[in-house]
Amino acid sequence: METQSSAQDFLPIIFQVIVALGFVVVTLFATHFLGPKRKTNDKLSTFEAGVKVVGNARQPFSIKYFLVAILFVLFDVEVIFMYPWAVNFRELGWPGIIEMFIFMGTLLLGFIYILKKKALDWN
């Protein structure tokens, strides 16, 4: 049995979107017009974790920084794949354990390769 939906069924959703957008617009305008307008040099200067700005912000970073960041994301995502396995550990049985050991072995080989290539060394 197939149910037909009409435009009237979507009215609560449309109303909620309109109210949310209206709240955002009203809040932005209210804070802009009602808020204090004291502009000082301290407020207008860039703030970076309490450290005074030195040099140009456009200077290039070392590629090692990006490599470590990408490797962190890669290994973090691989660890996420272990959660479904841990949840279904009992149902998977021995084949699941063997597959996880293969997965962990592959992950360990990749980590050893990264260490041999000295990708995590900052020098």
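Note that the coordinates shown come from a computational prediction; the quantities given were computed from them, not determined experimentally.
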Check: Any side-chain heavy atom of Phe89 sitting closer than 4.5 Å to one from Ile97?
Finding: yes
Item checked: Phe29-Phe23 co-clustered via ILVMFWY side chain contacts under 4.5 Å -> no
Check: Under 4.5 Å between side-chain heavy atoms, hopping through other hydrophobics if needed: is there a path connecting Val73 to Leu71?
Finding: yes
Next item on the list: Treating Ile, Leu, Val, Met, Phe, Trp and Tyr as nodes and any side-chain heavy-atom pair under 4.5 angstrom as an edge, say whether Ile114 and Val77 lie in one connected cluster.
Entry: yes
Margin query: What's the separation between atom CD1 in Ile98 and atom CD1 in Ile102, rounded to the nearest 0.5 Å?
Written below: 7.0 Å
Item checked: By side-chain contact (heavy atoms from CB on, under 4.5 Å) - contacts of Asp121 (at least two apart) -> Lys118
Checklist line | Residues forming a side-chain contact (heavy atoms from CB on, under 4.5 Å) with Ile18, sequence neighbours excluded | finding: Ile14
Checklist line | Nearest-0.5 Å distance that lies between atom CD in Glu78 and atom CE in Met104 | finding: 9.5 Å
Margin query: To check you understand the geometry: which heavy-atom pair defines the closest contact between Arg38 and Pro36, and what is its length?
Written below: NH2-CB, 3.3 Å
Check: What pairs with Phe75 under ring-ring contact (aromatic ring centres under 6.0 Å, His included), at least two apart in sequence or on another chain?
Finding: Phe111
Next item on the list: Rounded to the nearest 0.5 Å, what's the gap from CG on Leu92 to CD on Glu99? Could you check?
Entry: 7.5 Å
Check: Is there a side-chain contact between Phe103 and Met82, using heavy atoms and a 4.5 Å cut-off?
Finding: yes
Item checked: Phe81 and Trp85: CA distance, side-chain angles, deciding distance, side chain to side chain contact (heavy atoms under 4.5 Å, CB included) verdict -> CA-CA 7 Å; Phe81 286 133; Trp85 174 80; over 6 Å; no
Item checked: In one Ile/Leu/Val/Met/Phe/Trp/Tyr side-chain cluster, 4.5 Å: Val24, Val26 -> no
Next item on the list: Output the distance between atom CD1 (Ile70) and atom OH (Tyr65), rounded to the nearest 0.5 Å.
Entry: 11.0 Å
Margin query: Starting from Met100, can I reach Trp94 by hopping between I/L/V/M/F/W/Y residues whose side chains sit under 4.5 Å apart?
Written below: yes
Margin query: Around atom CD of Gln16, are there more than 12 heavy atoms from other residues, nucleotides or ligands closer than 6.0 Å?
Written below: no
